[in-house]
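Report on the structure given below.
All ligand and atom numbering here is 1-based and tracks the order in the structure. Heavy atoms only: backbone and side chains are in, while hydrogens, waters and symmetry mates are out.
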Amino acid sequence: MKKPSNLSEISRRDAMKLITAGSAAGILGLLGSPEARAENHSTPSYATGVPPVKIKSVRAIATAPEGSNLVLVKVETTEPGLYGLGCATFTQRAMAVITAIDSYLNDFCVGKDVDNIEDMWQSAYVSSYWRNGPVLNNALSGLDEALWDIKGKRANMPVYQLLGGKCRFAVDCYAHASGPTPEEVAERVQQFMDQGFRHVRIQQGGYGGVGTMEKKPDFLEAGFGKESDSFSDQHTYLKRVPEMFDMVRKRCGEDVELLHDIHELVEPIDAINMIKELEQYHPFFIEDPFSPENMKWFKHLRASTTVPIAMGELFNNINEFRDYMVDQLFDYIRIHISQIGGITPAMKIARLGEWFNVKTAWHGPGDVSPAGHAANAHIDLAVWNFGIQESHFWSEKAQAVFPGCQTYKNGYMYINEAPGLGVDINEKEAAKYPIGTRSRWTVRKSDGTIIKP
Ligand code: GCO
Ligand code: MG
């Protein structure tokens with residue numbers, strides 16, 4: 001640009017440039033130094049002057065007050081007294097999860113900001129390159145739930161409030177009625193109805209009728225397998241389930257909602273035929289008709305019967321079930337939340353289900369810890385498409401280990417309405433109940449063939 005001798009010679013564009021530079025300088029003046037600008041942008045008012053809280057340690061705590069191995073993650077922070085507790089319970093391989101937490105997650109997390117849960121989830125999830133699967137996902141879940149616990153404590157509100165608040169006053173649950181004979185099952189159902197439960201799961205003996213088969217299996221006669229291996233006579237089981245439903249309906253009436261868990265212990269085609277037979281007893285849902293290895297059978301099941309189906313405690317990752325949810329091939333998602341990595345992914349699955357009318361029925365027996373049950377319940381309270389929650393009544397020993405355990409009244413689960421997830425741990429008490437390594441999942445047919453539980 002040619003240098004002007006006096007103002008009259010300055011072109012309009014040069015003039016405009018001068019004006020803008022002038023006003024920019026003005027604005028800069030207003031905002032003050034670049035540091036001040038950065039400060040204003042990155043530290044919102046509610047956090048001004050509050051030092052960011054960092055992760056000080058990530059530690060596994062294992063205990064078995066009721067015999068089932070429970071694994072928890074405790075995340076301690078740089079803020080004195082502020083810590084979080086999350087469930088990482090994979091009861092059959094607890095030791096492996098403990099190693100994943102203490103030897104890997106701790107290193108990965110120390111010094112990081114407690115606030116960025118999604119970023120922590122995503123980065124920890126891929127930090128092992130090879131990912132997914134029950135061990136790493138459970139470890140990740142413990143971390144994730146502990147961070148939600150911390151965020152609730154920092155916000156001074158229960159986690160369900162951070163998830164959008166309550167859609168219902170409490171969590172409707174189903175109880176477990178089992179017994180060696182249909183008569184005893186019916187008696188248990190009546191007892192739960194008298195306690196106010198509207199939903200009861202009925203099982204005769206163990207899954208697949210294990211433990212109620214009179215005949216000694218041929219494989220033991222032949223010296224194949226181990227004495228401790230379980231035996232399921234599928235034919236007997238398939239005959240007995242409709243008889244059990246018939247007995248319970250006759251004794252307890254039509255109003256109680258009845259559930260049953262096939263636990264994928266029969267051939268898929270037999271499961272379909274049995275479920276068709278159960279239509280007359282209008283079950284609330286039939287659970288896990290097939291193993292995750294047999295997902296293709298769902299379209300045949302859906303084409304054969306309208307009995308509501310629940311699926312999924314064995315699912316590890318979204319690829320195993322997303323398309324089946326989208327195609328509405330089952331009605332209730334039964335995920336073991338720590339198996340997929342905690343509250344963060346579970347909320348996404350619940351939200352996905354809403355669009356396809358798939359409701360939640362999170363896995364919740366005794367091998368989900370009280371912190372895990374709390375995670376279930378906070379989501380159950382907050383999502384619109386809640387279906388039902390599996391209940392577990394904690395023993396006094398467990399309540400001593402876990403202050404803030406859930407309570408039940410009139411068939412509803414109530415959480416501890418405290419900031420965070422509401423469940424704490426007494427490590428001295430927890431240490432009284434060391435975990436074991438025994439796993440009992442070997443179920444055989446009479447000829448010794450392994451059945452996928
Ligand atoms: C259920 C489940 C459990 C599992 C157990 C495995 O519906 O509650 O099927 O009973 O078998 O959690 O360890
Ligand atoms: Mg089940």
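The number of protein N, O or S atoms lying under 2.8 Å from the Mg ion (ligand 2) is 3.
Within the structure, the ring-ring contact (aromatic ring centres under 6.0 Å, His included) test picks out the following pairs touching residues 335-372 (sequence neighbours left out): H336-H363.
One finds a salt bridge joining D115 and R154 here, because a Lys/Arg side-chain nitrogen approaches an Asp/Glu carboxylate oxygen to under 4.0 Å. Note on E277 versus K239: no salt bridge recorded, every NZ/NE/NH1/NH2 to OD/OE distance being 4.0 Å or above. We find that E313 and R334 are joined by a salt bridge, their nearest charged nitrogen and carboxylate oxygen being less than 4.0 Å apart.
Checking only distances, Y174 never comes within under 3.5 Å of ligand 1, N or O to N or O. Close N/O approach between D367 and ligand 1 is found [any backbone or side-chain N/O within under 3.5 Å].
For the atom pair M244 CE and Y281 OH, the distance stands at 10.5 Å (nearest 0.5 Å). Note that the NZ atom of K348 and the CD1 atom of I318 stand 9.5 Å from one another [nearest 0.5 Å].
For the residue pair Q339 and N316, a side-chain donor N or O sits within less than 3.5 Å of a side-chain acceptor on the partner.
H336 does not count as a contact of ligand 1, since none of its heavy atoms falls under 4.0 Å from the ligand.
Atoms of ligand 1 found under 4.0 Å from any heavy atom of Q92, numbered from 1 in the order shown, are 6 (C), 13 (O).
With H263, H392, E287 as candidates, the residue nearest to atom 11 (O) of ligand 1 on a non-hydrogen basis is H263.
Between H263 and Y207, the ring planes are parallel. Angles under 30° get that label, and only those over 60° would be called perpendicular.
Nearest protein heavy-atom contact of atom 10 (O) of ligand 1 is Y207 OH, 2.6 Å. Among protein heavy atoms, atom 7 (O) of ligand 1 sits closest to R334 NH2, 2.8 Å. Looking only at heavy atoms of the protein, atom 8 (O) of ligand 1 is closest to E390 OE2, 2.5 Å. Ranking the protein heavy atoms by distance from atom 4 (C) of ligand 1 puts E313 OE2, 3.5 Å first.
The cationic atom of K112 (NZ for Lys, CZ for Arg) lies less than 6.0 Å from the six-membered ring centre of F108 and within 45° of the ring axis. Judged by the 6.0 Å distance and 45° axis criteria, K452 is not positioned over the aromatic ring of F290. Within the cation-pi definition used here (under 6.0 Å to the ring centroid, within 45° of the axis), R201 does not qualify as a partner of F285.
The side chain of W441, and not its backbone, has at least one atom closer than 4.0 Å to an atom of ligand 1 (non-hydrogen atoms only; side chain from C-beta on).
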